[in-house]
Colleague: 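Below: one structure in structure tokens.
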Amino acid sequence: MAPKYIDPVRTGVIGAIAVFPLSIVLVNILWRTPKRCYAQVCPELATYKDLNLITTYVFYAFLVYMAILLKIAQRNHWSQTAITLGGKPRITLTSFLVLISMIAHHSFHFAYYWTEVVARRATYPANYMDWLNVLFRVAGRMMALQLGLQFIPTARDGFLNGYLGLDFDKGLQFHRWSGTFLMLWILFHGIGQELPQGVRNGPQKYWLGLTGQSSTSPLAYTKYVRLTGMLAALMLLWVGINSLPIVRRKKYGWFRANHFFALTGFVMACVHASPILYFALPGLLTYLIDSIVRRYNRRHAYKITNITVEKCGYLRVDIEGPRFRYKPGQWAYLNVPAVRNLSWHPFSIASSPHSYDDTIVIPNAPDTPDSVRKQKLVVDESASHYVQNNASASPITFIIKPTTSSASWTSNLLKAWQRRPANSPGLKVFIDGPHGTAPKKFFDSDRVICVAGGSGIPGAVGIARSILDYNLLDRNEEEARQHVRLCWSVRDEASALSSFSLLNELHGHHLAASHLQTHLHSSLAERLNVKGYLELEARTWKEEKVKTVSVYVCGPKNLIKEASVAAFELAKKEGVVIRVHTEGYAR
């Protein structure tokens with residue numbers, strides 16, 4: 001019997017509500033029992049106790065404020081409102097408010113801690129060495145603050161995605177920016193501490209100080225404070241270097257494996273200084289709840305029922321119907337033990353979620369219950385009456401672009417499929433997901449435009465098919481309300497693209513002739529003019545009384561940027577509501 005599937009959104013929301021009270025209780029317990037301090041730096045024992053407690057609670061209050069801000073932004077569609085600078089839309093209102101809030105919060109912490117450190121010194125800083133010492137202390141606090149923020153957007157489901165509507169890609173973008181600032185604070189903290197030590201003591205005494213220094217400092221340093229700090233810094237810097245785009249894109253398995261050093265570095269950082277744990281508690285608890293739920297849900301093994309090599313070189317991977325429900329445009333991590341036991345890779349879902357419901361609706365059938373007619377289900381053209389579908393769920397489909405390396409995961413996946421025993425039912429696969437969140441009311445627009453570049457086609461096809469499936473409910477009307485446009489730009493000949501199986505299935509849909517238009521663009525000769533394509537689509541909006549448009553873009557950075565800017569400009573020019581949802585290649 002398959003293990004029960006836990007709803008990650010519901011669990012995440014409940015967990016998030018419990019996180020802050022639990023964090024406050026834990027902080028008070030640890031703070032009021034200073035003799036139990038486990039770290040090498042224990043402000044609980046020193047004159048900085050009040051300062052650390054105040055800044056910790058300010059940080060918690062800031063997180064609550066940010067959650068309220070994001071919820072208000074979701075309800076008012078601020079992520080779809082662009083701020084124009086120099087005549088061009090530069091940033092969304094949500095991103096702008098988050099940026100301003102982060103700057104104000106960090107500025108407060110920096111100024112407050114800098115002022116307090118200078119005021120509590122025995123003497124006013126007299127030279128650059130003294131100022132470096134002040135910088136080292138302040139940078140250490142900012143590093144702890146930044147490390148506390150790192151865990152929050154790493155939760156793939158639950159509170160952030162399901163309740164606040166924060167797309168995981170946007171969360172990852174914040175995670176990367178936060179990680180960049182974390183690396184800078186680590187360097188400032190390290191330079192401010194180690195440079196004066198090296199200049200004053202010389203190499204020999206400097207090395208002995210790493211492993212044998214104790215102190216009567218007001219921060220209550222203990223013997224191995226510098227050693228634990230240096231080890232934590234080196235581990236986190238190593239993770240940062242291996243997270244650079246050039247490494248992440250070419251060696252994803254290496255990047256993912258090295259990312260686990262971040263947890264080791266975090267533990268070592270907590271051993272180095274106790275305030276790091278206090279700042280990290282909300283994000284750490286949220287991350288742990290999300291991780292436990294995801295690891296429980298992904299225990300169920302599925303079977304890959306078919307792998308097809310498309311003419312354009314892509315792999316179509318069909319997996320038996322999942323026991324979870326997914327939404328158009330979502331993605332999931334796949335793990336195939338026959339390829340690599342511990343390797344998980346993210347891929348967008350290319351199938352429609354409306355094709356596996358428990359019932360099949362035949363709108364023309366007189367015996368179809370009204371409660372069933374209203375559901376988002378699929379029409380069975382061959383049946384003449386209402387049918388209860390007892391068959392298993394329809395397969396979930398992924399499209400994978402193989403890399404040129406013969407040792408890559410995708411290449412080994414195809415080899416494993418080809419080498420499987422003849423009587424084998426398929427390859428075992430585990431699914432971690434689905435993940436991803438589209439903007440509110442994204443799938444309710446009059447016109448849905450999907451723009452894909454290269455391997456960004458799976459999500460675009462899945463959304464297009466889902467919209468057509470949903471509109472089959474309206475087939476008794478003169479015409480269904482929603483229309484779909486699909487544009488795919490790729491470095492292949494158009495003839496290779498036209499044979500793509502999912503596109504052929506899309507073109508064979510009942511509503512394709514009247515509600516679907518596709519444009520295949522080969523970028524061998526020239527790049528896709530995505531602005532021109534969207535402007536061409538906009539010419540008929542007034543005539544067809546289009547009031548709302550959704551634009552999904554998945555592809556390279558330049559394509560996403562150009563499409564987003566063009567969409568915001570068209571919204572202002574045409575007077576329509578345009579909702580933009582973007583996905584990049586990096587996850």
Side-chain angles (χ1 to χ4, degrees), residues 39-41 59 102 106 136 139-156 160 168-194 210 224-288 290-292 294-295 333 335 340-346 409 432 435 584-587:
Q40 300 294 297
V41 180
F59 178 66
M102 292 294 297
H106 280 50
F136 133 71
R141 171 47 53 114
M142 299 306 295
M143 180 185 68
L145 184 72
Q146 209 68 51
L147 198 55
L149 288 171
Q150 280 297 96
F151 284 100
I152 294 174
T154 56
R156 295 184 177 88
L160 289 177
F168 183 63
D169 281 7
K170 295 293 189 296
L172 270 186
Q173 187 178 24
F174 176 85
H175 179 70
R176 293 182 187 119
W177 276 105
S178 179
T180 301
F181 282 102
L182 174 62
M183 297 301 108
L184 292 175
W185 289 123
I186 288 174
L187 290 174
F188 288 147
H189 184 60
I191 291 172
Q193 163 66 16
E194 302 307 323
L210 284 177
Y224 298 105
V225 57
R226 290 172 59 198
L227 180 62
T228 57
M230 185 169 290
L231 289 175
L234 291 175
M235 289 179 186
L236 293 173
L237 287 171
W238 175 258
V239 173
I241 292 171
N242 285 281
S243 299
L244 294 172
I246 190 172
V247 178
R248 187 174 65 245
R249 291 170 185 167
K250 293 186 177 181
K251 298 289 184 181
Y252 184 82
W254 174 262
F255 150 76
R256 189 174 172 85
N258 277 280
H259 227 63
F260 287 103
F261 274 106
L263 293 175
T264 308
F266 168 74
V267 171
M268 190 60 67
C270 289
V271 173
H272 173 66
S274 62
I276 291 175
L277 177 62
Y278 304 148
F279 278 116
L281 271 175
L284 181 62
L285 292 174
T286 303
Y287 171 76
L288 288 175
D290 176 75
S291 297
I292 291 170
R294 286 193 300 107
R295 278 161 177 74
Y333 284 99
N335 167 254
R340 286 179 195 145
N341 277 323
L342 301 178
S343 186
W344 293 82
H345 288 258
W409 187 89
D432 180 350
H435 307 300
Y585 290 151
R587 293 192 179 114

Colleague: Step by step, work out the side chain to side chain contact (heavy atoms under 4.5 Å, CB included) result for Arg294 and His435.
Modeller: CA-CA 11 Å; Arg294 286 193 300 107; His435 307 300; 3.7 Å; yes
Colleague: Can you give me the closest heavy-atom contact between Trp409 and Ser343, atom names plus distance?
Modeller: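 Nearest pair, atom of Trp409 first, then Ser343: CD1-OG, 3.6 Å.
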Colleague: Gln150 vs Leu236, test: side chain to side chain contact (heavy atoms under 4.5 Å, CB included). Steps then yes/no.
Modeller: CA-CA 12 Å; Gln150 280 297 96; Leu236 293 173; over 6 Å; no
Colleague: For the CG atom of Asn258 and the CD1 atom of Ile241, what is their distance to the nearest 0.5 Å?
Modeller: 10.5 Å
Colleague: How far does CE of Met102 sit from CD of Gln146, to the nearest 0.5 angstrom?
Modeller: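 The distance works out to 6.0 Å.
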Colleague: If you take all heavy atoms of Ala232 and Gly265, which pair is closest and at what distance?
Modeller: CB-O, 3.7 Å
Colleague: With side chain to side chain contact (heavy atoms under 4.5 Å, CB included) as the test, would you mind laying out the steps for Phe266 and Leu284 before giving the verdict?
Modeller: CA-CA 10 Å; Phe266 168 74; Leu284 181 62; 4.0 Å; yes
Colleague: At what distance, to the nearest 0.5 angstrom, does CG of Leu182 lie from CD1 of Ile186?
Modeller: 4.0 Å
Colleague: Using only atom types and a distance under 3.5 Å, with no angle test, would you say the side chain of Asp432 pairs donor to acceptor with the backbone of His345?
Modeller: no
Colleague: Can you give me the closest heavy-atom contact between Asn242 and Phe255, atom names plus distance?
Modeller: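 In this case the closest contact between Asn242 and Phe255 is O-CD1, 3.4 Å.
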Colleague: Would the number of heavy atoms belonging to other residues, nucleotides or ligands and lying under 6.0 Å from CZ of Phe181 be above 12?
Modeller: no
Colleague: Would you sort out whether Asn335 and Trp344 count as a side chain to side chain contact (heavy atoms under 4.5 Å, CB included), showing the intermediate values?
Modeller: CA-CA 5 Å; Asn335 167 254; Trp344 293 82; 3.4 Å; yes
Colleague: Indicate the atoms forming the closest heavy-atom contact of Cys270 with Ile276, along with that distance.
Modeller: SG-CG2, 4.0 Å
Colleague: Specify whether Tyr287 and Phe151 have parallel, tilted or perpendicular ring planes, treating 30° as the upper limit for parallel and 60° as the lower limit for perpendicular.
Modeller: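 Aromatic pair Tyr287/Phe151 classed tilted.
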Colleague: Quick one: sort the Phe188 and Trp185 rings into parallel, tilted or perpendicular, breaks at 30° and 60°.
Modeller: perpendicular
Colleague: Can you tell me how far the CE atom of Met142 sits from the NE2 atom of His189, to the nearest 0.5 Å?
Modeller: 13.0 Å
Colleague: Is there a donor-acceptor contact under 3.5 Å from the side chain of Ser243 to the main chain of Val239?
Modeller: yes
Colleague: Between CG of Leu147 and CZ of Phe279, what distance do you get to the nearest 0.5 Å?
Modeller: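 So the CG of Leu147 and the CZ of Phe279 are separated by 11.0 Å.
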